[in-house]
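No experiment lies behind these values; they were computed from the predicted model shown.
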Amino acid sequence: MSCIDDRKSIAHISIPGTHDSCARKGASGQPSGIDAFVATQNPECTLTKQLEDGIRYIDIRCCVIDGVFTVHHDKFFLNIKFGDVLNQCVNFLNAFSSETIIMRIKQENSTASDLEFLNIFNSHYAAYHQYMYLEPSIPEIGKVRGKIVILSDVSSVPGISIRNINVQDDYSNTSLSSKKNKVTDFVNNCAKSNRIGSNPSLYLNHCSASNPPFKSPESFARVFLPSMTRDFKEGLGSQQVDNSRNEAPHIGIIAMDFYTRDLISEIIKRNENKHLKNLPIYSICNTYYGKHYFYASKYMDSAMKRRQVFDWEPGGKVANGFWLLIPCDRTNRYYIFNTYYKEFLYASSFIKDNRRTVFTWVDAVPTEESKWIINNSRIYNFHYACYLYESSLSYSTDRKLVPCWAPGVDVSQDQWNLVREGISV
């Protein structure tokens with residue numbers, strides 16, 4: 001979160017989260033057949049590990065027992081108390097003061113009145129209030145760095161009321177297509193609602209589903225999350241914003257059972273980096289065979305790590321064909337960053353018929369192979385010492401191959417026109 005502008009509303013941040021965050025496998029102490037329908041996270045995924053892995057929204061269910069809050073999933077005690085939850089959060093925030101944590105607090109398996117719940121919150125946990133944001137309004141990130149933003153699901157507890165935000169939490173329908181439609185529709189609605197909006201609206205979007213005794217949270221998540229990750233890697237939400245201005249789709253909180261690092265990474269990618277603000281954006285085209293615009297496609301390798309790039313043969317600009325030029329270590333040396341997928345262009349080690357394959361790296365980190373020299377309309381890979389060019393070969397009717405020429409000399413098809421577009425935001 002350190003790269004996010006202080007003035008950004010937390011409703012305008014894309015936030016990975018967990019559902020029933022303390023319900024780790026084995027935590028309930030129940031036999032495996034029962035625990036399978038209690039557990040929502042892997043056994044090693046303590047709250048500290050979740051936070052270290054990039055989770056910034058946690059879902060805490062509190063039961064009132066003997067004047068304290070114990071953490072439950074339904075009727076099952078999860079072998080952790082609320083004070084332990086707060087200690088892990090505070091320790092993390094003390095170590096990483098640029099971060100914030102959104103914590104939903106809900107009463108679970110408890111008959112305490114709202115007043116009794118509040119009295120315990122205000123007395124037994126009073127020392128932790130200095131680390132909490134307890135206002136009802138949605139804050140800017142700069143006001144809550146190093147704090148826990150309370151999302152209150154108990155009417156008496158202060159914080160942002162969950163009744164005042166948008167929530168998708170249909171957990172009973174375990175049809176893959178139906179649940180995906182609900183999640184993706186909510187992502188797109190959030191991106192539309194919060195596109196550079198002056199009235200931020202917080203969205204909480206659950207990926208979880210369970211249908212005992214036929215489908216456990218884990219069995220659903222193992223199928224759902226990889227499918228959902230592919231949708232994200234193919235650009236979910238990005239079509240809702242102006243990529244010629246490097247806008248990020250603000251997709252809200254995505255709460256997961258049995259979260260994966262891949263999906264966390266895709267959610268985090270949908271945030272704007274304040275250090276890239278005001279850098280110019282370009283469309284890049286080659287005119288040797290016609291006016292063909294260079295773009296990153298949705299097509300990836302089987303591991304979904306390398307994204308193919310092409311020239312668009314029909315001509316005309318495409319939404320995934322805008323590029324940010326990020327200066328690196330020397331004059332005329334740049335990282336070339338695709339604004340649609342938020343990924344860096346790089347030349348690979350793969351060579352066939354003197355053509356070095358070029359991709360964007362789906363994990364969205366720059367490498368030495370990502371450094372390009374741009375000079376006199378040529379784009380030259382510094383690491384492999386070769387020129388980017390439009391090949392005479394077509395991948396399909398509409399797509400021309402764009403490799404680097406492995407021998408390292410310039411070729412007639414390596415002249416590129418860079419046209420300045422909007423300013424990143």
Side-chain angles (χ1 to χ4, degrees), residues 3 14 191 229-249 251 262 265-273 275-286 292-301 303-312 316-328 333-348 357-374 379-383 388-390 395 398-404 416-425:
C3 292
S14 300
T229 300
R230 176 169 286 278
D231 283 9
F232 271 99
K233 289 187 176 184
E234 290 180 352
L236 179 61
S238 297
Q239 65 272 27
Q240 307 300 334
V241 298
D242 183 356
N243 297 284
S244 72
R245 297 181 62 83
N246 193 26
E247 292 177 7
I251 64 171
D262 253 8
S265 175
E266 283 300 312
I267 295 165
I268 291 173
K269 278 164 65 174
R270 286 156 172 79
N271 283 306
E272 290 143 4
N273 187 328
H275 302 298
L276 305 183
K277 191 173 182 178
N278 297 325
L279 288 179
I281 296 162
Y282 294 86
S283 54
I284 302 173
C285 72
N286 193 291
H292 302 157
Y293 281 89
F294 182 52
Y295 75 102
S297 77
K298 70 177 182 179
Y299 303 114
M300 295 167 281
D301 67 347
M304 294 192 292
K305 295 296 186 182
R306 300 176 179 90
R307 186 183 305 280
Q308 292 179 285
V309 296
F310 304 107
D311 271 353
W312 184 241
K317 298 176 183 178
V318 291
N320 41 347
F322 296 102
W323 305 87
L324 192 66
L325 303 186
I326 304 172
C328 46
R333 200 174 295 177
Y334 299 89
Y335 297 116
I336 302 178
F337 180 78
N338 186 265
T339 63
Y340 188 89
Y341 294 111
K342 312 300 182 189
E343 297 166 4
F344 292 88
L345 186 74
Y346 78 103
S348 77
T357 308
V358 174
F359 302 103
T360 61
W361 185 244
V362 178
D363 283 353
V365 292
T367 64
E368 283 299 309
E369 297 90 338
S370 306
K371 292 181 178 179
W372 302 85
I373 296 172
I374 301 176
I379 300 174
Y380 179 81
N381 187 266
F382 176 76
H383 184 79
L388 188 75
Y389 78 105
E390 182 179 51
Y395 178 82
D398 294 332
R399 299 172 181 89
K400 297 282 285 183
L401 293 178
V402 180
C404 279
W416 297 91
N417 293 330
L418 280 71
V419 179
R420 184 165 174 165
E421 302 287 342
I423 299 295
S424 66
V425 295

Problem - Distance (rounded to the nearest 0.5 Å) between N246 CG and K342 NZ - result: 4.0 Å

Handout entry: CZ/F382: more than 12 non-hydrogen atoms of other groups inside 6.0 Å
Key = no

Problem - CD (Q239) with more than 12 external heavy atoms under 6.0 Å - result: yes

Would you say [X] and [Y] make side-chain contact, with heavy atoms under 4.5 Å?
| X | Y | result |
| --- | --- | --- |
| T360 | W323 | yes |
| Y346 | R306 | yes |
| F294 | V402 | yes |
| Q240 | E247 | no |
| I326 | F344 | yes |

Please give me the minimum heavy-atom distance between [X] and [Y], naming the atom from each residue.
| X | Y | value |
| --- | --- | --- |
| L276 | L324 | CD1-CD2, 3.7 Å |
| E390 | N286 | OE1-OD1, 3.5 Å |
| F310 | Y299 | CE1-CD1, 4.1 Å |
| V309 | A296 | CG1-CA, 4.0 Å |

Exercise for the section: Tell me, please, which residues at least two apart from W372 pass ring pair (Phe, Tyr, Trp, His ring centres under 6.0 Å). Expected result: none

Problem - Residue list, salt bridge (Lys or Arg N to Asp or Glu O under 4.0 Å) with R333, at least two apart or on another chain - result: D329

Fill in the blank from the handout: Those residues at least two apart in sequence (or on a different chain) that pass salt bridge (Lys or Arg N to Asp or Glu O under 4.0 Å) with E421 are K317

Problem - Candidate pair Y341 and N320, rule side chain to side chain contact (heavy atoms under 4.5 Å, CB included), full reasoning - result: CA-CA 7 Å; Y341 294 111; N320 41 347; 3.9 Å; yes

Fill in the blank from the handout: Which of K298, K305, R307, K233 passes salt bridge (charged side-chain N to carboxylate O under 4.0 Å, His left out) with E343? It is R307

